[in-house]
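All chains are named by letter (A, B, ...) in the order of the sequence lines, taking the proteins before the strands, and each is independently numbered beginning at 1. Atom set for the values below is all heavy atoms of this structure, side chains included, hydrogens, waters and symmetry mates excluded.
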There are 2 protein chains.
Amino acid sequence: MCTLALTPGCHYCSVPLVCCLNIYGSLVYCFGMSSLSLPPAEAERCAGQFLAKCYELGLVMNEAVGSGTTHVSTTLQPLTISRAEFDELCHVQSLWNEAVDNTARNFSFLRDALRETAASDDGFTGKLVDILVKVYLGTKPYQKLMLGIFRTDYMRHEDDNGVGLSEASRWRNVEINTISCSFAGLSPLVTKFHEHVGVHLHVWRKANGIVGEKDGSTVSKASGCDGGLVLERSTSGRVVPGAIADAVHAWTKQQKFNLLRESYSQLQACTGCGNDSPQGKLDASPIVLVVVQENERNMADQYALLLKVLEEHHIHFIFRTLQELHMSMKLHYINPNQPPLAVVDGKYPVAVAYFRSTYVPGDLPTDAAWATRLDLERSSAIKCPSIPHHLLTFKKMQQLFCDMDRVLVPIAFRGDSDKARRLKRHFVPQYSLNPCEVG
Amino acid sequence: MCTLALTPGCHYCSVPLVCCLNIYGSLVYCFGMSSLSLPPAEAERCAGQFLAKCYELGLVMNEAVGSGTTHVSTTLQPLTISRAEFDELCHVQSLWNEAVDNTARNFSFLRDALRETAASDDGFTGKLVDILVKVYLGTKPYQKLMLGIFRTDYMRHEDDNGVGLSEASRWRNVEINTISCSFAGLSPLVTKFHEHVGVHLHVWRKANGIVGEKDGSTVSKASGCDGGLVLERSTSGRVVPGAIADAVHAWTKQQKFNLLRESYSQLQACTGCGNDSPQGKLDASPIVLVVVQENERNMADQYALLLKVLEEHHIHFIFRTLQELHMSMKLHYINPNQPPLAVVDGKYPVAVAYFRSTYVPGDLPTDAAWATRLDLERSSAIKCPSIPHHLLTFKKMQQLFCDMDRVLVPIAFRGDSDKARRLKRHFVPQYSLNPCEVG
């Protein structure tokens with residue numbers, strides 16, 4: 001669903017304001033304050049101003065310790081990339097989406113491909129595969145709609161002489177993320193931050209009588225661009241909330257929600273189970289359930305998306321941990337031909353379950369947490385991601401994609417070898433060290 | 001310069017998210033979370049969301065202890081006020097500006113009026129009056145241009161039965177602020193915050209099947225208004241930076257800056273004093289000097305204004321404490337008919353000195369600080385505020401304004417009794433307890 005975007009933060013470096021440039025989180029270049037060619041005393045003053053700009057923009061995250069807030073680590077200047085390369089990488093994203101979705105929906109292939117991994121990691125991968133088998137390879141109806149918000153991370157390949165290749169194919173994928181993809185909310189703000197740095201450098205140089213000198217900055221004109229360069233703003237902050245809202249509308253239509261609500265009331269009246277809803281009725285509109293971690297640091301990024309779901313699409317959202325849901329969520333089997341309706345707090349029907357949690361073992365510490373995760377997958381809610389989509393985030397699947405003849409063409413692209421070839425240009429070959437495994 | 005605005009924060013109450021509504025900082029109403037008619041558990045969850053919204057908007061300030069950041073205390077909902085009352089209060093602001101400016105420029109009246117106060121507070125008021133006398137009642141040229149950014153605080157008067165009067169005159173002034181007026185930068189964000197709360201309540205009620213019920217909220221429609229009400233956004237975040245930029249342009253023109261720069265170079269070459277500027281030349285463009293406190297908490301508000309001065313008007317600004325300026329600022333007497341040019345760091349010519357400090361005795365702890373303050377007043381920089389404007393912030397001056405015949409008509413309005421009468425409607429009478437004093 002995402003278009004290509006420059007994201008703040010970096011997995012490889014977390015020095016405040018002296019950080020790395022990322023495309024979808026991958027390390028490309030290091031730019032520190034020194035790249036701005038400022039005297040040390042001036043650079044120190046700039047750091048305070050740039051910090052203030054981060055706060056003005058809402059480019060913040062919770063501190064690791066305590067209840068405080070700090071700025072998000074970000075680059076000071078953008079990376080230049082040719083329009084052709086950029087457009088090609090944006091276009092390639094739809095191939096990634098297709099490959100991930102096709103493979104995820106081949107449930108038996110997915111189960112078989114992950115059999116060895118599941119056996120060697122029965123506490124996490126194994127349990128996720130269990131849910132896959134129970135929900136998607138059983139006999140009960142399951143929700144066929146899935147919402148995918150994916151982020152692919154690239155590094156730029158250079159030849160032995162350190163010279164970059166000239167084509168889009170030099171961008172090599174190092175990671176596919178299919179769950180809890182971060183920074184879709186904050187990425188557009190990084191462009192605004194870069195604009196500010198550009199204007200600041202321009203005005204500072206003018207105020208210091210340094211105009212027109214070579215200075216090493218990518219963006220130095222007050223307009224935010226230099227020599228025909230354009231600051232490209234990520235659309236992720238608008239597109240992702242739009243996709244979540246679209247999923248809510250698709251669910252409402254698919255479930256014939258008004259009829260479903262009536263059936264729910266009748267069922268509650270019959271069974272006398274309506275005691276958790278004062279009137280035994282479902283007055284609420286369909287909502288987005290955001291499944292979150294305890295002590296989440298990246299709250300601003302999550303809220304940047306969800307506040308737009310609320311403000312621009314007028315859809316209610318609730319944040320809940322798995323632990324809270326274990327107490328407050330119930331599945332209601334209303335129609336035998338449909339998966340059960342998930343209702344939270346006895347009143348909120350869940351249209352979309354958006355996971356910003358459950359991607360590391362620590363998020364599922366108890367059997368109760370796993371039971372709740374299974375309930376969510378069984379429910380009629382559209383999952384973002386579903387367990388099948390989630391499983392594609394495992395490195396094992398990316399290694400299998402490297403097998404052109406047995407996986408990429410027949411499974412990921414259902415026989416379309418042209419699409420497979422176009423995507424494969426961006427692969428860094430990955431190999432299994434276990435000869436017994438598929439691939 | 002300011003138009004009327006709802007401001008965050010409150011001098012009288014600082015409970016986070018359960019605070020008071022202000023017009024120019026004055027207490028009007030208390031609105032807590034309880035005013036939103038939400039169940040306690042829901043209210044608790046809302047607090048987290050509203051906090052996130054504050055961070056998204058940049059509605060923050062530094063914490064009192066440590067280096068952390070927190071949200072600005074703000075009301076949850078706006079106050080309703082009739083269009084006629086609002087427009088009248090905006091209009092009255094220009095009368096305040098006129099009264100303050102006329103009185104401030106009557107230097108000998110100002111000196112005499114504050115004589116007793118100065119004598120009884122020789123450590124602060126006395127020293128400010130000393131600067132008034134030295135700079136404005138001496139024989140040397142002084143900068144006649146002054147930049148005023150004023151904020152007037154009102155409280156709404158109600159009769160003995162607790163019923164409000166129906167006219168604009170029920171708004172009674174309790175404070176004139178002429179120095180370091182806070183929250184001009186953040187005020188427009190409060191409206192965005194109120195919009196968010198309005199949309200949230202609307203969507204929350206819809207999601208809970210509560211539509212059209214009486215709920216006590218002023219703003220409940222998704223559009224941010226209800227029953228013909230309009231959320232009025234303060235223009236202060238745009239108008240104040242614009243006024244600062246206008247002052248820089250006025251100074252550049254008044255000082256014939258290009259010629260001044262040449263004279264400066266010649267003077268430096270003649271006297272051999274150019275050792276603090278590598279080339280003995282003034283390469284820099286005129287700048288805004290922001291005189292700040294150590295450990296300022298309200299940084300976001302200051303930056304909200306100054307970042308716009310930079311980004312929209314392409315004018316460089318520097319933040320300096322008086323202590324820093326004592327070491328780094330020099331006055332250059334270039335033309336005997338003009339006040340001296342203030343240059344900071346041997347390169348920045350100061351067009352505007354904007355004070356977000358020096359309004360409490362603690363800001364001027366040493367003789368060196370007072371000497372630097374005097375130097376700034378002597379300089380050609382346009383002060384915001386000048387010492388005469390600053391002195392109008394003293395309660396003594398507001399008490400004198402209550403004397404219609406001897407002060408308000410002849411001094412503040414130079415004989416225009418009609419204007420004096422219109423302004424006097426908003427006075428809460430103030431009296432001196434000292435029969436010897438003027439007024």
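- How far CD of B:Glu56 is from CG of A:Leu57: 11.0 Å, rounded to the nearest 0.5 Å.
- In this structure, A:Val203 and B:His316 approach most closely via the heavy-atom pair CG1-N, 3.4 Å.
- Contact of A:Phe319 with chain B is made through the backbone alone, with heavy-atom distances under 4.5 Å.
- With a 4.5 angstrom heavy-atom cutoff, B:Ile315 touches chain A only via backbone atoms.
- Heavy-atom neighbours of A:Glu63 CD from other residues, nucleotides or ligands within 6.0 Å: above the threshold of 12.
- Ring geometry, A:His202 versus B:His314: the interplanar angle exceeds 60°, so the pair is classed perpendicular (tilted spans 30 to 60°).
- No more than 12 heavy-atom neighbours from other residues, nucleotides or ligands sit within 6.0 angstrom of NE2 on B:His326.
- Contact tally against chain A (heavy-atom pairs below 4.5 Å) for B:Val60, B:Thr69, B:Thr70: the top residue is B:Thr69.
- Contact annotation for B:Leu310: both backbone and side-chain heavy atoms come within less than 4.5 Å of a heavy atom of chain A.
- Going from atom CE of A:Met61 over to atom OH of B:Tyr55 covers 13.5 Å, rounded to the nearest 0.5 Å.
- Heavy-atom pairs under 4.5 Å with chain B were tallied for A:Gly58, A:Gly185, A:Pro349, A:Ala284; the largest tally goes to A:Ala284.
- For B:Arg261, no part sits under 4.5 Å from any heavy atom of chain A, backbone or side chain.
- Between chain B and the residues A:Ala304, A:Gly68, A:Ala207, the most heavy-atom pairs under 4.5 angstrom are made by A:Ala207.
- Annotation: the span from A:Lys347 atom NZ to B:Asn208 atom CG amounts to 4.0 Å, rounded to 0.5 Å.
- By number of non-hydrogen pairs under 4.5 angstrom with chain A, the leading residue of B:Met299, B:Gln302, B:Gln49 is B:Gln49.
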